[in-house]
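So that the names make sense, note that chain A is the first sequence line, chain B the second, and so on, each numbered from 1. What's counted below: heavy atoms across the whole structure, side chains too, no hydrogens, waters or symmetry copies.
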Amino acid sequence: MPDRVPSVLRVALPLPLPRLFDYLPPRGVAASAALVGRRVRVGFGSKVLVGIVAGIDAPDPAAGTLREADAVLDATALFDAELDASLRWAAGYWQRALGDVFATALPGPLRHGEPLPDTARAVWRLTEAGATATPALRAGTRPRALAERLRAGAQDEDALAAWSPQWRTPLRSLARRGLVERLWTTQPVPGTPRTPPPVLGAAQRRAVDAVCARLGEFAPLLLDGVTGSGKTEVYLAAIEACLAQGRQALVLVPEIGLTPQALRRYGERLPVPVHALHSGLSEGERARAWTAMARGEARVLIGTRSAVFTPLPQAGLIVIDEEHDASYKQQDGFRYHARDLALVRGKTLGVPVLLGSATPSLETLHHAMGGRYAWLRLSERAGEAIAPQVHVLDVRAQPLVDGLSRPLRAAIAACLARGEQALVFRNRRGFAPVLLCHDCGWHADCERCDSAMTLHGRHTLLCHHCGARRRVPPACPQCDSLGLVPQGAGTERLEQALAAEFPDVPLVRVDRETTQHRDALEKHFAALGDGAGILVGTQMLAKGHDLPRLTLVAIASIDDGLFSADFRAGERLAQLLIQVAGRAGRAALRGAVWLQTHHPDHPLLRTLLTGGGYHAFAAEALAERRAAGFPPFAHLCLLRAEATGQAELDAFLAEAFALAENAFGVTRHAPMPAPMPRRAGRLRAQMLLSSPQRGALQALLRELFPRLHALRERKKVRWSLDVDPVDLY
DNA sequence: TTTAGCCGTCGG
DNA sequence: CGACGGCTAAAA
Ligand SMILES: [Zn+2]
Ligand SMILES: [Zn+2]
């Protein structure tokens, strides 16, 4: 009889093991349903872990003696009912252990058992003495400017930092004289000066109205608008309406989109403090923002992929900017898709989910075309702006010197002569992608990967896949020839060539090497100034900072992307081209886009650049996907595996293939080597599963996942299931 | 995934 | 005989 009494805690631990672990409650604590969702500290093997109580149950008679949990760490559940349900759904959908999913959803300090942080924020206001003394402060000084600002109302430290990065200096000067004082508050601080909203165009107005009409219910909406059509103003107006109803808003942006400039824009336009969650914050700051949302103190949170796990107890609206962006899919561990999880949360929460993009993903477009998503179109650039003129440069008959043809150099020179700015785009960093022997055809390959090494500078060969680094050999290792030549041009080579040709204008290279830190990108843009200048770089330049003087976009080459085997490569390339091209031109200055290619007749380029643009491309690509049985017309799961020995790898995938036999009508494709069969010394292979029915695939995965865990052959193999993979690499 | 523990080999 | 490496089962 006592065996039937629910007396054990079923705990989700942060491990990749797909099961829960049973513990007795700590001494003096009764096992009650009220403990579900709270963190507990438990001994596990020889170490101590922090887990979350996932349920309360009767003890399993088959189990041996249970350990006692050390302590319950929370007074209430960390996740509310909605977040808890959404996380459980995510664990099932993307096939990941619940404890691992819970751990991913928590900011570091909470994951490690720290108490919820204090969310009170420091607010500075003028003292009475300060108010009196302000007019007497020396005019034109920073303390005077700060005092004037505070006279309009108290400000929190975020607002002061937005005003000036060096806000502490004048503040300290005022504080020393007793003119300002610090308070602690969890309330939003009113009185932050706000930029008035611009007048919206008719299409923007319609879009805002469409979103506002759906506040209070689940509604997926696609905001489909070209670069410069004013999507952000639509977000801001919708968020204001959401705030006015007393609800919270969550905004997801791609990693690269969360610039200080973008944050400032949200902060200045909205009547409440805007909290940010991004990789540049300390763990403590992330925990504070998360907790402030959980307590309802924060009303607007803007963040990157992992911000989708933020509690939204008073949710009103979720916005996903650049919804097509691949960075929303986590590429290791718990391989969730933030956009898709946001849609599920929106449905559970009963709030609209606004998906914005100039180049919507084919999945989202397909939903919009089928009427499942409301489709809001902003077809014109806001204001007077006109679309840029596109030149496709056939370089088959053109000599390329350092990757640049004569007509392109001439176009850049003309642009600079007008005092305008040029962006030269090339999606390969380094000096040259290949180092080739002119005499025997040998090229420098990585010893641990099936991939060529990239030449960096003049003397270094670098593998972009495993990080291997070595010196350029003095002569060809195969034929002793001295004729080793860099083949092709990366950003570094373009930079040098442009610097030599245009020595008098500022030139900035933007790629992973030059832009390590968070603020480096902003510094680069500042270094460019607002006169004539050149930016060279990779897709880091595709969005971000607004550059009004930029009128010429030169795409040095994207030919290597035209023939990729991956089913999503075309979509990616089209999105990238449209994004980069969209940077050319503004209201008064018409932009031009130059594309150098050896394949001017490639269907993708014809349709995209000289035909009907992105939507015409998308229609063709969707037809191809339908014919080939790829998403959105089928749902995929990729079983990836890697091992040091080929035999172990093959044996594992052969077993996995057998396990997937005839199940639920899901198509199992024969195991095959990965597109890069060897990487960092490890052999890689994969098996694809596909089904037109998402439910059938999910049913198979529910059976397959535990069986894979139980396989003997799994031992020497690292494997993972990737549900809805963004690429098959 | 991590790790304790078992067993077999090998050097001292 | 004890150290070490490789393999396996178990972690509640
Ligand atoms: Zn050679
Ligand atoms: Zn390598």
Write down the distance between CG (A/L13) and P (B/dT2), rounded to a whole number of angstrom.
15 Å
Classify the side chain of A/R67 versus the base of C/dA11 as yes if they form a donor-acceptor pair under 3.5 Å and no if they do not.
no
A/L711 CG to C/dT8 P, in whole Å, measures 15 Å
May I ask you to evaluate whether A/K47 reaches the phosphate of B/dT2, defined as a side-chain N or O under 4.0 Å from OP1 or OP2?
no
For a quick check of understanding: with a heavy-atom distance under 4.0 Å over all strands, which category does A/R10 fall into, base, sugar-phosphate or nothing?
nothing
Between A/P16 and A/S46, which is nearer to the 5' end of DNA chain B once each is assigned its nearest nucleotide?
A/P16
Identify whether NZ of Lys or CZ of Arg in A/R668 sits under 6.0 Å from the centre of the six-membered ring of A/F657 and within 45° of that ring's axis.
yes
side-chain hydrogen bond (donor to acceptor under 3.5 Å, both in side chains), that's the test. Do A/T491 and A/D511 meet it? Break it down for me.
CA-CA 8 Å; A/T491 48; A/D511 57 28; 2.7 Å; yes
Just checking A/L15: base, sugar-phosphate only, or nothing, at a heavy-atom cut-off of under 4.0 Å?
nothing
Nearest-Å distance for atom pair CZ/P, residues A/R714 and C/dA9
9 Å
Roughly, in whole Å, what's the span from CZ in A/F44 to P in C/dA9?
17 Å
Report the distance from atom OH of A/Y23 to atom C1' of C/dA11, rounded to the nearest whole Å.
8 Å
Show the numbers, then the answer: is there a side-chain hydrogen bond (donor to acceptor under 3.5 Å, both in side chains) between A/T119 and A/R295?
CA-CA 9 Å; A/T119 45; A/R295 292 179 174 154; 3.0 Å; yes
Separation of atom NZ in A/K715 from atom P in C/dA10, rounded to whole Å
11 Å
Separation of C/dA10 atom P from A/H709 atom NE2, nearest Å, is 17 Å
A/R712 CZ to C/dT8 C1': how many Å, rounded?
9 Å
Under the side chain to side chain contact (heavy atoms under 4.5 Å, CB included) criterion, do A/K329 and A/R335 qualify, and how do the steps go?
CA-CA 7 Å; A/K329 181 89 193 312; A/R335 296 172 176 261; 4.0 Å; yes
